[in-house]
Amino acid sequence: MNNNLQKQLLKRSKAAKLERLGKTVSFLALMLITLTVFAIIIFVASKGLSTFFTNHVNWIDFLTGKNWNPNVTNAKGQPEVGALPMISGSFVVTILSALLATPFAIGTAIFMNEISPHRGAKLLQPVIELLVGIPSVVYGFIGLTVVVPAVRSVFGGSGFGILAGTFVLFVMILPTVTSMSVDALRSVPRYYREAALALGATQWQTIYKVVLRAATPGMLTAIVFGMARAFGEALAVQMVIGNAALMPTSLVSPASTLTSVLTTGIGNTVMGSLQNNALWSLALVLLVMSLIFNLVIRMIGRKGAMSK
């Protein structure tokens, strides 16, 4: 009798078994995601580094070279695989689109959260969600039929170039930066505002000197996240930037980005060839920049958590 009672007491309950099963499934899912990420990094790195170890291309010449034509060799007998035009184009388009989107995003977030929190959020939240849900190819078609002709008529040139890509990316990253900025403003404690108003501050002084300063880490995270989104965008930029592997000389001259060259060239090369390895090296640069953006976001988040 005592042995049976002891077995009953030591036996796992149904709730405990379900909890153990849930922990096991969650751990396996976490391990699967982690292994997938590491597998992608190792695969891209092995392919991208083949340009330097198998084809013996100098990595400094690769990052600083201005001529991109893997089918041609220069006077030194080295293939012309200079990635600087694409890297420069990616950074210029990303930075300009972030600079253009930040004031609009922060202003919209302030209106939705501070000035008109009920009516503003009710009107603008569906618009932001709609912009997020629009596919990239739609943005590309709109840029091709509206933005490119507008740039051509106002600024001259062919219309294809960094300026057209900046306008398209501006619209694409605006909802992302806005949504994250709204979340950053909402995370500011209410008593910050009440204390400022109790000291005699106006609404704008409270927003400018209290709320925005407290939400700065979150807003910086939103901006960097938007830049990461813009840096990795491929299809929409490819349709409006011109896809010319040349150093950007002006905002209206055709240029290219890392993603545009990858999407247009990866299907026209043979696996294992120099041309294919050079494209994988561009993908490796893109992956490294994405990791750097994520590290910056984590650093800003940690700094914001420490300051609080």
Self-check item: Transitive ILVMFWY side-chain link L284 to V57, under 4.5 Å
Solution: yes
Quiz item: Shortest non-hydrogen contact from G48 to S281?
Solution: O-OG, 2.6 Å
Quiz item: Is there a donor-acceptor pair closer than 3.5 Å between any side-chain N or O of N268 and the backbone N or O of T264?
Solution: yes
Quiz item: Any idea which heavy atoms bring P175 and V171 closest together, and the distance?
Solution: CD-O, 3.2 Å
Quiz item: In terms of hydrophobic clustering (I, L, V, M, F, W, Y; side-chain heavy atoms under 4.5 Å; direct or indirect links), are V240 and L174 co-clustered?
Solution: yes
Quiz item: Under 3.5 Å, is there a donor-acceptor pair between the side chain of R193 and the main chain of V188?
Solution: yes
Self-check item: Audit row: Y139, L131, side chain to side chain contact (heavy atoms under 4.5 Å, CB included) steps and yes/no
Solution: CA-CA 10 Å; Y139 283 110; L131 290 175; 3.7 Å; yes
Quiz item: Taking the side chain from T176 and the backbone from G226, do they hold a donor-acceptor pair closer than 3.5 Å?
Solution: no
Quiz prompt | Aromatic contact, F91 with F231 (centres under 6.0 Å) | solution = yes
Exercise. Would you check if the side chain of S260 reaches a backbone N or O of S256 as a donor-acceptor pair within less than 3.5 Å?
Key: no
Self-check item: Minimum heavy-atom distance between T51 and A278, given as atom pair plus value
Solution: OG1-N, 3.4 Å
Self-check item: Closest heavy-atom pair and its distance - W68, A245
Solution: CB-CB, 3.9 Å
Practice problem: Taking all heavy atoms of L169 and all of S97, pick out the closest pair and write down the distance. | Solution: CB-CB, 3.7 Å
Quiz item: Which heavy atom in A184 sits nearest to a heavy atom in A215, and how many Å separate them?
Solution: O-CB, 3.7 Å
Quiz item: Honestly curious: do M271 and F53 fall in one hydrophobic cluster under the side-chain, below-4.5 Å linking rule?
Solution: yes
Practice problem: Output the distance between atom CE (M247) and atom CG (N67), rounded to the nearest 0.5 Å. | Solution: 10.5 Å
Practice problem: May I ask whether M86 and L274 are part of the same hydrophobic cluster, defined by side-chain heavy atoms of I, L, V, M, F, W, Y residues being less than 4.5 angstrom apart, directly or through others? | Solution: yes
Quiz item: Under 6.0 Å from the CZ atom of F225, do we count more than 12 heavy atoms belonging to anything else shown?
Solution: no
Self-check item: Shared hydrophobic cluster, V237 / L84 (ILVMFWY, side-chain heavy atoms < 4.5 Å)
Solution: no
Quiz item: Under 4.5 Å between any side-chain heavy atoms of I115 and W204, yes or no?
Solution: no
Quiz item: Going by heavy atoms in the side chains, are L63 and V285 under 4.5 Å from each other?
Solution: yes
Practice problem: Return yes if some donor-acceptor pair links the side-chain N/O of S116 with the main-chain N/O of M112 below 3.5 Å, else return no. | Solution: no
Exercise. From the options F43, F52, F62, select the one residue that forms a ring-ring contact (aromatic ring centres under 6.0 Å, His included) with W280.
Key: F43
Exercise. Mark yes when over 12 heavy atoms from residues, nucleotides or ligands other than F104 sit less than 6.0 Å from its CZ; otherwise mark no.
Key: no
Exercise. Could you walk me through whether I241 and N243 pass side chain to side chain contact (heavy atoms under 4.5 Å, CB included), step by step?
Key: CA-CA 6 Å; I241 200 169; N243 301 316; 3.7 Å; yes
Quiz prompt | Any side-chain heavy-atom pair of M219 and L212 under 4.5 Å | solution = yes
Practice problem: Go through the steps to decide whether I266 and V261 satisfy the test side chain to side chain contact (heavy atoms under 4.5 Å, CB included), and finish with yes or no. | Solution: CA-CA 8 Å; I266 196 66; V261 172; over 6 Å; no
Practice problem: Find the distance between CD (E233) and CG (L258) and round it off to the nearest 0.5 Å. | Solution: 13.5 Å
Practice problem: Sort out for me which residue in N71, T269, N69 forms a side chain to side chain donor-acceptor pair (under 3.5 Å) with Q275. | Solution: N71
Quiz item: Measuring from L28:CG to L32:CG, what's the distance to the nearest 0.5 Å?
Solution: 8.5 Å
Self-check item: Distance in Å, I173 CD1 paired with T94 OG1, rounded so as to fall on 0.5 Å steps
Solution: 8.0 Å
Practice problem: Would you please test L235 and T263 for side chain to side chain contact (heavy atoms under 4.5 Å, CB included) and show each step? | Solution: CA-CA 8 Å; L235 185 58; T263 53; over 6 Å; no
Quiz item: Does a side-chain heavy-atom distance below 4.5 Å link V127 with L123?
Solution: no
Practice problem: Check whether any side-chain N or O of T216 sits under 3.5 Å from a backbone N or O of R213 as a donor-acceptor pair, and report yes or no. | Solution: yes
Quiz item: How many angstroms lie between atom CG of L163 and atom CZ of F167, to the nearest 0.5 angstrom?
Solution: 4.0 Å
Quiz item: Say you draw a straight line from CE of M31 to OG1 of T36; how long is it, rounded to the nearest 0.5 Å?
Solution: 10.5 Å
